There are 2 protein chains.
Amino acid sequence: MDSEKLAEFYKTLGDKTRLRILSLLKVDERCVCELVEILGISQPTVSQHMRRLKSVHLVKERRQGRWVYYSLDGSLYPFFHSILESLPNPKQELNVSERKMVCD
Amino acid sequence: MDSEKLAEFYKTLGDKTRLRILSLLKVDERCVCELVEILGISQPTVSQHMRRLKSVHLVKERRQGRWVYYSLDGSLYPFFHSILESLPNPKQELNVSERKMVCD
DNA sequence: ACTATAAATTGTCATATGGTTATATATGAA
DNA sequence: TTCATATATAACCATATGACAATTTATAGT
């Protein structure tokens, strides 16, 4: 991978909201509307972030009815698991019942 | 590390020029004036990049006379070596004699 | 076909970024 | 001290970015 593409990749990681999204996707796939609720930002903003994450193949999408579910897709990056490990735990992002589901 | 600081770290990596600098420092420490010549950008621009790289502890500096030599300092990051490995080879950045020195 | 809902796109705005030139600071040599 | 050189900082500018509201597109259900 050349500097240009690699920089694009890191630039995509260089945003607090996108890191939070990746943290959440570590736990489970999510549709846009779920992310909107959990993150407390507007739907278009989430969609833009997902587009960007998708453009560097950090996530992939799965359409199911009206919903588009996003999940991690780091297959391109040999060091992707290192990056994932470095992400903060998403527990605090989730509400009580979700957190319970994650941690049980 | 929280999302905020981690994003700052990746944002610092998210620039082509800074990645080129890190590639070069993989080979050996460099002073600012060397980087100016190799990279073909102005001295203030290099200094700004070095300040930013230093601010997230990706490089450290060593003053020697009038020169400030910068070298890698990824001690903070457990996955730093993974990131370094992903950097493109800096050979093409260097001129013939430098390349010879690096590769011999 | 009509309605409702999920997601994507567009337009706009404030701020951040990466480059430049000009200037200031720091160090070594004469 | 004076001069030369290496580096840092400041001021500026064009472009990129991340947020929002408004709109469009897509899909499911009635």
Side-chain angles (χ1 to χ4, degrees), chain A residues 2-25 28-71 73 93, chain B residues 2-25 28-71 73 93:
Chain A
D2 58 52
S3 300
E4 193 75 44
K5 280 216 183 300
L6 199 57
E8 207 51 50
F9 170 70
Y10 284 125
K11 214 176 290 183
T12 303
L13 288 173
D15 176 78
K16 187 186 167 175
T17 302
R18 284 192 291 270
L19 289 184
R20 289 173 69 203
I21 291 172
L22 291 176
S23 297
L24 287 163
L25 297 187
D28 203 359
E29 62 176 9
R30 293 283 183 184
C31 63
V32 174
C33 59
E34 286 176 314
L35 292 171
V36 167
E37 245 198 74
I38 297 173
L39 298 170
I41 56 182
S42 74
Q43 176 268 313
T45 300
V46 171
S47 282
Q48 306 254 37
H49 283 306
M50 300 324 287
R51 179 163 65 167
R52 184 132 187 206
L53 287 166
K54 201 173 55 175
S55 78
V56 297
H57 300 95
L58 273 164
V59 305
K60 55 181 186 291
E61 69 182 57
R62 172 177 77 84
R63 176 138 227 149
Q64 178 176 340
R66 276 172 292 182
W67 296 271
V68 176
Y69 287 91
Y70 286 95
S71 58
D73 174 27
E93 306 274 10
Chain B
D2 59 54
S3 301
E4 194 75 45
K5 281 216 182 302
L6 199 57
E8 208 50 51
F9 170 70
Y10 285 124
K11 213 176 291 183
T12 303
L13 288 173
D15 176 79
K16 187 186 167 174
T17 302
R18 284 192 291 270
L19 289 183
R20 290 172 69 204
I21 291 171
L22 291 176
S23 298
L24 287 162
L25 298 186
D28 203 0
E29 63 175 10
R30 293 283 183 184
C31 64
V32 175
C33 59
E34 286 175 314
L35 292 170
V36 167
E37 245 199 72
I38 298 172
L39 298 170
I41 55 182
S42 74
Q43 175 267 313
T45 300
V46 171
S47 281
Q48 307 249 39
H49 283 306
M50 300 324 286
R51 178 164 63 167
R52 185 134 185 203
L53 287 166
K54 201 173 55 175
S55 77
V56 298
H57 300 98
L58 274 164
V59 306
K60 55 180 187 289
E61 70 183 57
R62 172 177 76 83
R63 177 138 225 148
Q64 178 175 342
R66 274 173 294 181
W67 296 270
V68 176
Y69 286 92
Y70 286 96
S71 58
D73 174 26
E93 306 273 11

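In this text, all values refer to a predicted model and were calculated from it rather than measured experimentally.
The side-chain contact (heavy atoms from CB on, under 4.5 Å) test with B:Asp15 is passed by exactly one of B:Thr17, B:Leu19, B:Leu13: B:Thr17.
For B:Ser42 and C:dT21, the shortest distance from a side-chain N or O to OP1 or OP2 is not below 4.0 Å.
The shortest non-hydrogen separation linking A:Glu61 to A:Val68 is CB-CG1, 3.7 Å. Pairing each heavy atom of A:Ala7 with each of B:Lys16, the nearest pair is CB-N, 3.6 Å. The shortest heavy-atom contact between A:Ile41 and A:Val36 is O-CG1, 3.2 Å. Of all heavy-atom pairs spanning B:Cys31 and B:Tyr69, the tightest one is N-CD2, 3.6 Å.
For B:Lys5, the salt bridge (Lys or Arg N to Asp or Glu O under 4.0 Å) criterion is met by no residue, not counting sequence neighbours. By the ring-ring contact (aromatic ring centres under 6.0 Å, His included) test, A:Phe9 pairs with A:Tyr77, A:Phe79, sequence neighbours left out.
In this structure, CD on B:Glu34 lies 6.0 Å from CD1 on B:Ile38, to the nearest 0.5 angstrom. From B:Leu35, atom CG reaches atom OG1 of B:Thr45 across 12.0 Å, with rounding to the nearest 0.5 Å. Rounding to the nearest 0.5 angstrom, the gap separating the CE atom in B:Met50 from the CD1 atom in B:Ile21 is 5.0 Å.
The stretch residues 6-14 of chain A has no heavy atom under 4.0 angstrom from DNA chain C at all. Within residues 44-56 of chain A, the residues having any heavy atom closer than 4.0 Å to DNA chain D are, in order of number, A:Pro44, A:Thr45, A:Gln48, A:His49, A:Arg52. Listed by residue number, the members of residues 58-67 of chain B with any heavy atom below 4.0 angstrom from DNA chain D are B:Arg66, B:Trp67.
When rounded to the nearest whole Å, the span between CD of A:Glu29 and P of C:dA6 equals 16 Å. Rounded to whole angstrom, the span from the OH atom of B:Tyr69 across to the P atom of C:dT27 amounts to 15 Å. Between the C1' atom of C:dA16 and the NZ atom of A:Lys16 lies a distance of 16 Å, rounded to the nearest Å. The distance from atom CG of B:Leu35 to atom P of C:dG19 is 13 Å, rounded to the nearest whole Å. For the pair B:Ile41 CD1 and C:dT21 P, the interatomic distance rounds to 12 Å; values are reported in whole Å.
Interface limits on DNA chain D: the 5'-most and 3'-most nucleotides within less than 4.0 Å of chain A heavy atoms are D:dT17 to D:dA28.
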| field | Steps toward side-chain contact (heavy atoms from CB on, under 4.5 Å) verdict (B:Leu53, B:Tyr70) | value | CA-CA 10 Å; B:Leu53 287 166; B:Tyr70 286 96; over 6 Å; no
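Each of A:Thr17 and B:Cys31 lies near DNA chain D, and the nucleotide nearest B:Cys31 is the one positioned closer to the 5' end.
Salt bridge status for A:Glu8 with A:Arg52: present, with a side-chain N to carboxylate O gap under 4.0 Å.
Of the possible donor and acceptor atoms, none in the side chain of B:Arg20 sits under 3.5 Å from a partner among the backbone N and O of A:Ser3.
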